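Each remark here refers to the structure printed beneath this line.
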Amino acid sequence: MNDQARRPRPAKPYRRPKKDPVRMLAFEALRAVDERDAYANLVLPPLLRKAREKDGFETRDAALATELVYGTLRRQGTYDAIIASCVDRPLREVDPPVLDVLSLGAHQLLGTRIPSHAAVSASVELARVVLGDGRAKFVNAVLRKIAAHDLDGWLERVAPPYEDDPEEHLAVVHSHPRWIVTALWDALGGGRAGIEDLLEADNERPEVTLVARPGRSTTEELLAAVGEDSALPGRWSPYAVRLAEGGEPGALEAVREGRAGVQDEGSQLVALALASAPLEGPDERWLDGCAGPGGKAALLGALAAQRGAALLASEKQPHRARLVERALAGNPGPYQVIAADGTRPPWREGSFDRVLVDVPCSGLGALRRRPEARWRRRPEDVAGFATLQRDLLREALRAVRVGGVVGYATCSPHPAETRAVVEDVLKGRGAPAPAAEWIDARPFMQGVPVLGEGPDVQLWPHLHGTDAMYLALVRRTG
Ligand SMILES: C[S@@+](CC[C@H](N)C(=O)[O-])C[C@H]1O[C@@H](n2cnc3c(N)ncnc32)[C@H](O)[C@@H]1O
């Protein structure tokens, strides 16, 4: 062996890791979601604001950071399965910050168009900054294994064949907890295509939809303000305008002035259907019994004003009642906002002509909005709402006069939170309730296709482009 061969290789000079503000921000947001149970949609805006001021973030950077956080959280189930097959210990033994860097890297490799070498090197640099050089080597090794296949290649390896275990297959491929796949499939019925479309729709970012509050703004005003290339009229609601990606509602004067707001079209349809159901006799006093944060209350308030009716918006949580105040500010007709428990209401029996109870629920119908929600919910949560939902519906039936209409709404399609609640209350199961009968809600969502067999209505993200809102209309008969 010659001298040269015996000489140790010169150590590479130490290079400081490069800080990439977009990945750093995405990591910080993921840690907050993980550690503090924070909501991504609440954590991100202040982080992005700070980055705009401090790091000169541009719209492009903010869009990438948002996509990295939302995409990583939504696809967490799939990425966990893939990462688990690339490490030699159970995932629960991998430090959570390391797992966050790996998931963020997996998303860049498998869920974006970022070239593999850039995804790996950006993740390793991030790991060097936030985890240290030792653990960065581990990250590098795992991500190189992940980079060996594309997403389809990985799904073939880590998801069981559909024929062997359909629910587990769908859970891994579409990144939902298995129990949610089961619950959604039960609610939706049908074969493989429908549930796959629904699960895929849950993984899409929902459009931002505006409502032009009737009598206060118009869709024409909103479309003109946004520009026709950047917005479209709603699909179903005559008051809806859909913003193109990146549209900023806060930039619109009508939104700043409360004449318009951000509201999913499904939520608009629920308020509109309740307002359209026919009534005999007076139609002067409307109640929203679970009003916070106030989307439906603001639309109901505007509709009530046009008809000369007054709205009482009631919400148990005082801080949410304040949000309702804000949503209703400037409403052209009479309204009042109170903080009250709808199960022990301060109003007299039979005080109202129309009542909405949009009850607290598991939120399984709005999974597209809260990317982390599906991993936080537990099957027992659904049963946890059962008593409250029934109590609120019973009290709503007491609040309405004989002949008046109650709308029972949830943002969950789970049968235990929807029809089962209404049937139990109408049949007097568990506790007595005023006599009431179903109203077919479908005619009050005119033009909306595939509403099922009625009398209640279930909207779906993949069929209607809305959250999976449920609405039952009932009339008090005695
Ligand atoms: C699904 S949200 C309502 C959303 C609202 N309708 C909207 O469109 O913005 C349910 C609301 O009911 C409230 N709530 C929970 N328990 C309640 C109770 N016992 N009485 C009245 N409101 C209650 C929650 O605080 C929450 O704000």
Side-chain angles (χ1 to χ4, degrees), residues 39 41-42 206 209-211 213 237 239-240 249 258 260-275 286-304 311-329 331 335-347 352 354-367 369-370 373 377 381-382 384-399 406-414 417-418 421 425 431 459 466-472:
Y39 295 111
N41 64 339
L42 298 184
T209 310
L210 303 178
V211 59
R213 293 180 178 137
S237 158
Y239 304 112
V262 175
Q263 187 177 18
D264 180 65
E265 240 181 305
S267 163
Q268 297 184 34
L269 289 177
V270 161
L272 290 171
L274 173 70
W286 296 9
L287 168 70
D288 182 347
C290 291
K296 293 183 194 69
L299 180 50
L300 285 175
L303 293 167
L311 176 73
L312 176 64
S314 175
E315 158 62 46
K316 184 175 179 187
Q317 304 289 343
H319 70 280
R320 288 174 76 81
R322 283 194 287 280
L323 298 178
V324 183
E325 283 278 8
R326 214 179 297 159
L328 271 161
N331 189 61
Y335 72 91
Q336 198 188 349
V337 179
I338 59 170
D341 183 341
T343 64
R344 282 190 266 151
W347 48 79
F352 299 95
R354 294 180 196 270
V355 174
L356 176 67
V357 269
D358 182 15
V359 297
C361 67
S362 64
L364 294 187
L367 296 180
R369 295 192 185 279
R370 299 249 172 94
R377 281 281 171 229
D381 294 343
V382 172
F385 289 111
T387 305
L388 179 58
Q389 290 166 344
R390 284 163 179 74
D391 288 350
L392 284 166
L393 177 54
R394 265 185 223 110
E395 285 307 331
L397 279 171
R398 283 193 192 104
V406 170
Y408 172 87
T410 64
C411 195
S412 163
H414 197 300
E417 303 186 87
T418 58
V421 174
V425 171
L459 298 170
T466 64
D467 290 339
M469 292 285 322
Y470 170 85
L471 175 68

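Whatever order the structure lists them in is the order used to number ligands and atoms, beginning at 1. Nothing fancy with the numbering, it's 1 onward along the sequence. Because the structure is a prediction, the values reported are computed rather than measured.
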Smallest heavy-atom separation, Ala275 atom then Leu303 atom, equals CB-CD1, 3.8 Å

Tightest non-hydrogen contact, residues Gly266 and Leu459, listed as CA-CD1, 3.7 Å

query: With a 3.5 Å cut-off and no angle check, do the side chains of Thr410 and Glu417 form a donor-acceptor pair?
result: no

Show, in sequence, the C-alpha distance, side-chain angles and deciding distance for Arg369 and Asp467, and conclude whether the side chain to side chain contact (heavy atoms under 4.5 Å, CB included) test is met. CA-CA 9 Å; Arg369 295 192 185 279; Asp467 290 339; 2.8 Å; yes

Exactly one candidate in Cys361, Pro360, Ser362 meets side chain to side chain contact (heavy atoms under 4.5 Å, CB included) with Cys411; the answer is Cys361

- Would you call Arg398-Glu395 a salt bridge at under 4.0 Å N-O? yes

Are there any protein N or O atoms under 3.5 Å from the N or O atoms of ligand 1? List them with distances, or say none.
from, atom 1, to, atom 2, distance (Å)
ligand 1, 6 (N), Cys290, O, 3.2
ligand 1, 6 (N), Asp358, OD2, 2.8
ligand 1, 8 (O), Lys296, N, 3.1
ligand 1, 8 (O), Lys296, NZ, 3.1
ligand 1, 9 (O), Pro293, N, 3.4
ligand 1, 9 (O), Gly294, N, 3.0
ligand 1, 9 (O), Gly295, N, 3.0
ligand 1, 19 (N), Asp341, OD1, 2.8
ligand 1, 20 (N), Gly342, N, 2.8
ligand 1, 22 (N), Lys316, N, 3.4
ligand 1, 25 (O), Glu315, OE2, 2.7
ligand 1, 27 (O), Gly292, O, 3.0
ligand 1, 27 (O), Glu315, OE1, 2.7
ligand 1, 27 (O), Glu315, OE2, 3.4
ligand 1, 27 (O), Arg320, NE, 2.6
ligand 1, 27 (O), Arg320, NH2, 3.2

